[in-house]
Amino acid sequence: MLWLCIQLPRLAHEALAGAAAPAGCGVPAWQAALERLAAWALQWSSHVCPSAETGGAPGLWLELGASRALFGGLAPLLARIRVALEPLGYSTRCGVAPT
């Protein structure tokens with residue numbers, strides 16, 4: 001298995017700035033934003049795991065094993081994910097490792 005970790009080191013601040021959760025919903029804005037990002041990430045992998053803390057920051061884990069073939073290899077897949085992340089407006093750090 002090959003996993004991509006997308007860390008979101010400023011998610012709490014950026015989610016509040018973007019009014020990510022409706023007032024009174026009882027869910028912190030950063031958690032609502034993380035859940036939306038997890039749904040967004042399903043376009044790249046059927047195995048997406050949001051995590052409240054990934055190396056000290058909230059983040060997402062995506063299993064990329066099957067997706068590599070679908071998107072033409074690891075490098076093109078990672079490039080597409082990075083390009084798709086940019087307009088979302090979140091600061092990110094990415095890393096890939098096998099398990």
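These figures come from a predicted structure and were not determined experimentally.
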Novice: So, does Q43 use its side chain to make a donor-acceptor pair with the main chain of W40 at under 3.5 Å?
Specialist: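 Yes, the answer is positive, given that a donor and an acceptor are paired below the 3.5 Å cut-off.
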Novice: Where do Y90 and A15 come nearest, in terms of heavy atoms and distance?
Specialist: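 Looking at all heavy atoms of both residues, the shortest contact is CE2-N, 4.3 Å.
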Novice: Quick one: closest heavy-atom pair of A33 and L11, and the distance?
Specialist: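 Shortest heavy-atom contact: CB-CD1, 4.0 Å.
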Novice: Taking only residues two or more places apart in sequence, or in another chain, which ones meet T99 in a side-chain contact (heavy atoms from CB on, under 4.5 Å)?
Specialist: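 Checked T99 against side-chain contact (heavy atoms from CB on, under 4.5 Å); matches are M1, W3.
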Novice: Out of S46, C49, S45, which residue meets the side chain to side chain contact (heavy atoms under 4.5 Å, CB included) rule with E63?
Specialist: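 Passing option: S45.
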Novice: Let me confirm one number: the CG-CZ distance from L64 to F71, rounded to the nearest 0.5 Å.
Specialist: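 Rounded to the nearest 0.5 Å, the CG-CZ separation comes out at 9.5 Å.
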Novice: Say whether S91 and E14, considering side chains only, have a donor N or O and an acceptor N or O under 3.5 Å apart.
Specialist: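 Checked: S91/E14 side chains pair up, N/O donor to acceptor below 3.5 Å.
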Novice: Could you list the residues that satisfy salt bridge (Lys or Arg N to Asp or Glu O under 4.0 Å) with R68, not counting sequence neighbours?
Specialist: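 R68: no salt bridge (Lys or Arg N to Asp or Glu O under 4.0 Å) contacts found.
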Novice: Tell me, please, which residues at least two apart from H13 pass side-chain hydrogen bond (donor to acceptor under 3.5 Å, both in side chains).
Specialist: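 Once residues adjacent in sequence are excluded, the partners of H13 under the side-chain hydrogen bond (donor to acceptor under 3.5 Å, both in side chains) criterion are R10.
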Novice: Minimum heavy-atom separation for P87 and V83, please, with both atom names.
Specialist: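 Looks like CD-O, 3.2 Å.
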Novice: How long is the gap from CG on L62 to CG on L42, to the nearest 0.5 Å?
Specialist: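 L62 atom CG to L42 atom CG measures 8.0 Å (nearest 0.5 Å).
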Novice: What residues, two or more places apart in sequence or in another chain, satisfy side-chain contact (heavy atoms from CB on, under 4.5 Å) together with A38?
Specialist: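 Testing A38 for side-chain contact (heavy atoms from CB on, under 4.5 Å), a comparison that skips the adjacent residues, returns V48, P50, L60.
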Novice: In the structure I gave you, are the side-chain heavy atoms of L37 and I6 within less than 4.5 Å of one another anywhere?
Specialist: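 They are not in side-chain contact.
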Novice: Taking the side chain as C-beta and beyond, is there a heavy-atom pair between L85 and C94 under 4.5 Å?
Specialist: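 Counting from C-beta outward, L85 and C94 do come under 4.5 Å.
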Novice: The criterion is side-chain contact (heavy atoms from CB on, under 4.5 Å); which residues satisfy it with R82, sequence neighbours excluded?
Specialist: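 Partners of R82 by the side-chain contact (heavy atoms from CB on, under 4.5 Å) criterion, ordered by chain and then number, come out as L78.
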Novice: Considering residues at least two apart in sequence or located in another chain, which fulfil the side-chain contact (heavy atoms from CB on, under 4.5 Å) criterion with L70?
Specialist: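 Per chain and number, L70 pairs via side-chain contact (heavy atoms from CB on, under 4.5 Å) with no residue.
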